[in-house]
Amino acid sequence: MSNNLVHTAEPIARLIEELNKLPGIGPKSAQRLTYYLLRAPENEVKALADAIRNLKEKLTLCSSCLNITDSDPCAICRNEERDRSKICIVEEPIDILPLERTRKYKGLYHVLHGVIAPTEGMGPDELKIKELLSRLNDNQVTEVILATNPNLEGEATAMYLQRLIAPLGIRITRLARGLPYGGDLEYADDVTLSRALEGRQEM
Amino acid sequence: MTAPRVYQTEAIIIKRIKLGEADRILTLYTPELGKLKAVAKGTRRPQSKLGGHVELLTHSRLMLARGRNLDIITQAQTINNFLPIKDDLERISRGLYIAELVDSFVGEHIEDRRLFDLLLEALQQLSQANDCEPVLRYFELHLLDHLGYRPQLQQCTECNSALKPETNFFSPSQGGVLCHDCGFHEPLARPISLNALKVLRLWQNCDYAAARRVKISPELDNELEQVMREYIKYLLERQLKSTAWLDKLKQEIKHK
C-alpha cells in the first residue's frame, strides 16, 4: 500500500490506509473518500472526527444489562416504567433494536456479547454469563426470555443457559420458532416446520 | 470443454462463517467433490428459502452455480436434519466436534466417498446413541484408519514383539503401542491399560452395532478419550478447539 503512495503527502497517505481497513472499502474508495474530505468544509470534517472519537471514548457497557451505552446505567435499565421482573437474553447489542421496534416487550435485557461456538473457541467463559447469574440472584426477576438466534449455536446457548438457570426456580421461556411472516410454506425446512407444528396455537 | 455452470450434489454442512450483511460461507463435505466452500446468500434473514436447509450438521441436496471465486448455493433441500442431535446439547457439542475433526484433517477438493459415508454414519449413530462418547472414539479410529494413520495396536511399534497382557504404552509419535520395556524409555508415551487396548482393537475391526455393545466404565471412557486426543493433537500439531467445550460440559455434569 505505502509503496504506491510515496509521492503522496504523509497525512493523506495515512488516512487512505486507515479508511482502507474498513469493511467494504477498497484502496480506490479510500482514495476517493480521502480527497473528498480534503475538499469538504472544515466543520464537517471535524464533526466526523469527533463522532469517531466519541464512539470509543464516550461509550461503555451498561453495568447491569451490558448493552452499549453512553450513560451508565443505560436508558432502558434507568427507565422506571420497564418491568423489572423480566429479562430478555440476546446475543449482541444490535439484537435489542428489532425487539424494541416491536413495542411489545417492556422488560429489561441482558446482552451476552456472543454465543457458544465450540469450533471457534467460544465457550461460556467468553460470554457475560456470570453477570447474568448475579443479576438473577436478586429476587426481582421472575421470568427469563431466551432470545438467542434460532440456529445451532443459538439453540446450544439457550439449552446451556436453561441448565444453569433452571435450579434457580425462575420461569424460562424461549422465543417461539416457526414460520417467518411473509414467507412460503413450500420453502420451510423440516426443523422450522416441526417447531411450528409443536408450537401451534388455538385460533 | 467447459464445466457446466450449475451442478447438484449432496452435502453435509460442517462449518459456516458470516459473510457481509446476511450471507454465509459454508464448508460442505460432499461425496463426489470432497470438501468445498460455497456461499449461501441471505441465509441469515428469517425469510431465507435456504435457511434451515443449510444449517450446520444437516445433510442436504444442493444445487450450486459456479462463481468466479466461490460457488453459490441456489437451491437446497434437506435429506436429513438430524433433529435428535439438534435437540440435545450433549449431541450438538459432539456433532460439532466431529465436524471440526473432518474439517481439520482433510483438504479441499479431494474426492473421498468413503469419508463421506463415515461422516454420515457417525451423525446417524450420534442421533440414536444414548452414550455419545463411544461414537466419537469409533469415528476417530476409523477416520484415522482411512486417512492412513491407523494406530498400530497389535505389536510393539519399536521392537515388534507381541504385546503382553499388561499395561503398555501409547506413543503418538510412533502411531501406536509400545511394549512395557520400550515405552519406559520413551518420554512422550503414556501408559495404556489392557482394557483400553482391547476396546480400541475391537473397535478398529467391528461395526457400530458391535461397538455399542461394549460396556465402558467412566474411567475407561476417560482414558480412551485422552489416548485418542493426544494422538490427534500430535497429528494435527494442535488441539481441536471444541475439546475445551466438551471438557466444560463434562465438568458440569460431575458437579451436579
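Below, chains carry the letters A, B, ... as their sequence lines are ordered, and counting in each starts from 1. Side-chain atoms are counted along with the backbone in the values below, which use heavy atoms only and exclude waters and symmetry mates. All values reported here derive from a predicted model rather than from experimental measurement.
Of all residues in residues 34-70 of chain B, those placing a non-hydrogen atom less than 4.5 angstrom from a non-hydrogen atom of chain A are Pro46(B), Gln47(B), Lys49(B), Gly52(B), His53(B), Glu55(B), Leu56(B), Leu57(B). For residues 110-135 of chain B, a heavy-atom distance under 4.5 Å to chain A picks out no residue at all. Chain A is approached within less than 4.5 Å, heavy atom to heavy atom, by Ile92(B), Leu96(B), Glu100(B) from residues 92-104 of chain B, ordered by number.
For Tyr7(B), the side chain to side chain donor-acceptor pair (under 3.5 Å) test picks out Asp71(B), with sequence neighbours left out.
Without hydrogens or angle criteria, Arg190(B) side chain to Pro172(B) main chain gives no donor-acceptor distance under 3.5 Å. Between the side chain of Glu126(A) and the backbone N or O of Gly123(A), at least one donor-acceptor pair lies under 3.5 Å. At distances below 3.5 Å, not a single donor-acceptor pair connects side-chain atoms of Arg53(A) with backbone N or O atoms of Lys58(A). At distances below 3.5 Å, at least one donor-acceptor pair connects side-chain atoms of His110(A) with backbone N or O atoms of Lys128(A).
From Glu100(A), atom CD reaches atom CD1 of Ile76(A) across 4.0 Å, with rounding to the nearest 0.5 Å. To the nearest 0.5 angstrom, Ser242(B) atom OG is 10.0 Å from Asp247(B) atom CG.
Of the listed residues (Ile85(B), Asp87(B), Thr243(B), Ile17(B)), the greatest number of heavy-atom pairs within a distance under 4.5 Å of chain A belongs to Asp87(B). Of the residues considered (Asn151(A), Asp184(A), Asn149(A)), Asn151(A) shows the highest number of contacts with chain B, using heavy-atom pairs under 4.5 Å.
Annotation for Arg238(B): atom CZ counts as buried by contact number, over 12 foreign heavy atoms lying within 6.0 Å. Within a 6.0 Å radius of CD in Glu21(B), no more than 12 heavy atoms belonging to other residues, nucleotides or ligands are found. For CZ of Phe105(B), the number of neighbouring non-hydrogen atoms (other residues, nucleotides, ligands) closer than 6.0 Å is greater than 12. Within a 6.0 Å sphere centred on CD1 of Ile94(A), heavy atoms belonging to other residues, nucleotides or ligands number 12 at most.
Residue contact with chain B, scored on non-hydrogen atoms closer than 4.5 Å, involves the side chain of Asp125(A) exclusively. With a threshold of 4.5 angstrom between heavy atoms, Pro118(A) approaches chain B through its backbone and through its side chain. No part of Arg177(A) comes within reach of chain B, as not one of its non-hydrogen atoms sits under 4.5 angstrom from that chain. Heavy atoms closer than 4.5 Å to chain A are found in both the backbone and the side chain of Leu89(B). Of the atoms belonging to Leu179(A), not a single heavy atom falls under 4.5 Å from chain B. Both the backbone and the side chain of Thr119(A) have a heavy atom closer than 4.5 Å to some heavy atom of chain B. In this structure, the portions of Lys86(B) lying under 4.5 Å from any heavy atom of chain A include both its backbone and its side chain. Heavy atoms of Gln162(A) lying under 4.5 Å from chain B are absent altogether. Residue contact with chain B, scored on non-hydrogen atoms closer than 4.5 Å, is absent for Ala117(A).
Between Arg16(B) and Glu120(A) the shortest heavy-atom distance is O-OE2, 4.2 Å. Val45(A) and Ala40(A) get closest at one heavy-atom pair: CG2-CB, 3.9 Å.
Side-chain contact check for Asp189(A) and Thr78(B): no donor-acceptor pair (N or O, by modelled atom type) lies under 3.5 Å.
A salt bridge links Arg163(A) with Glu90(B): the closest approach of a Lys/Arg side-chain nitrogen to an acidic carboxylate oxygen falls below 4.0 angstrom. Between Glu230(B) and Lys233(B) there is no salt bridge, since none of the side-chain N atoms of the basic residue sits less than 4.0 Å from a carboxylate O of the acidic one.
Between Tyr138(B) and His142(B), the ring planes are parallel. Angles under 30° get that label, and only those over 60° would be called perpendicular.
A side chain to side chain contact (heavy atoms under 4.5 Å, CB included) with Leu161(A) holds for exactly one of Ile172(A), Leu112(A), Val144(A), Ile116(A); it is Leu112(A).
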